[in-house]
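Single-structure report; data block below.
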Amino acid sequence: AQKVTQAQTEISVVEKEDVTLDCVYETRDTTYYLFWYKQPPSGELVFLIRRNSFDEQNEISGRYSWNFQKSTSSFNFTITASQVVDSAVYFCALSENSGYSTLTFGKGTMLLVSP
Amino acid sequence: DTGVSQDPRHKITKRGQNVTFRCDPISEHNRLYWYRQTLGQGPEFLTYFQNEAQLEKSRLLSDRFSAERPKGSFSTLEIQRTEQGDSAMYLCASTTGYGETQYFGPGTRLLVL
């Protein structure tokens with residue numbers, strides 16, 4: 001069965017600090033997809049990134065970057081020069097190629113960025 | 001280009017009452033998912049539709065829950081005889097294919113008193 005672990009429940013940083021959110025996953029499929037979503041206090045899940053299991057290239061989008069390592073089953077998310085607006089709960093999620101691609105989420109990491 | 005919409009955004013009801021939520025997916029998306037999120041947890045899968053067919057249901061979906069997607073457009077999720085344990089955020093997502101990005105609506109927050 002698929003599983004996603006986000007071991008960090010809450011992280012507090014001061015603005016302009018870099019922060020890394022960890023995500024470890026388990027799956028028996030060789031083809032799968034990994035996602036990160038942001039959930040601000042309003043509650044809506046905002047899509048950040050999708051990565052398939054065959055693409056291990058790291059990705060950078062502005063202040064955001066993602067490090068995908070199949071050898072350690074990890075898909076970590078780094079925010080560079082954090083800002084107060086980054087404060088939210090961040091979820092890592094996994095969908096397998098088998099079945100109906102339902103998403104399995106981790107429990108989320110709450111990021112608090114203070115001025 | 002409108003995203004996924006859900007109605008109502010908030011619902012307060014008394015234990016034992018029935019409630020119904022609506023989800024309107026992105027217009028060209030034929031796949032629709034319902035999830036439930038309780039406080040401090042990630043969303044958990046409830047049920048999946050491809051067009052009008054309900055193809056998968058989670059064991060979380062007790063027989064008090066029913067979902068429909070008539071004509072493969074909007075979907076409704078009904079909870080009968082609500083219990084306090086049903087209090088949660090109910091999220092709807094839609095997508096175009098397996099493994100593709102699921103786009104979420106704003107959710108319906110249910111509080112059962």
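Just so we're on the same page: letters track the sequence lines, and every chain starts at 1.
Annotation: maximal heavy-atom pairing with chain B below 4.5 Å, among A:N97, A:T102, A:N52, A:T104, occurs at A:T102. Note on B:E44, B:Q6, B:E100, B:M89: by heavy-atom pairs under 4.5 Å with chain A, the leading option is B:E100. In terms of non-hydrogen atom pairs under 4.5 Å with chain B, the most contact-rich of A:Y33, A:Y100, A:F47 is A:Y100. Among B:T95, B:T101, B:L55, the residue with the largest count of heavy-atom pairs under 4.5 Å with chain A is B:T101.
A donor-acceptor contact under 3.5 angstrom links the side chains of B:W34 and B:S75, judged on distance only. Side-chain contact, B:Q54 with B:T47: a donor N or O sits under 3.5 Å from an acceptor N or O.
Contact annotation for A:S95: only side-chain heavy atoms (C-beta onward) come within less than 4.5 Å of a heavy atom of chain B. For A:Q39, the part lying under 4.5 angstrom from a heavy atom of chain B is the side chain only. Residue A:S42 touches chain B through its backbone alone, counting heavy-atom pairs closer than 4.5 Å.
Both tests pass for B:R31 against the ring of B:Y98: distance under 6.0 Å to the centre and angle within 45° of the axis. Under the 6.0 Å distance and 45° angle rule, B:R22 counts as a cation-pi partner of B:F74.
With sequence neighbours left out, the side-chain contact (heavy atoms from CB on, under 4.5 Å) criterion links B:P43 to A:L45, A:F91, A:F105, B:Y35, B:Q37, B:L91.
Taking the centre of each ring, A:F77 and A:Y90 come in below the 6.0 Å mark.
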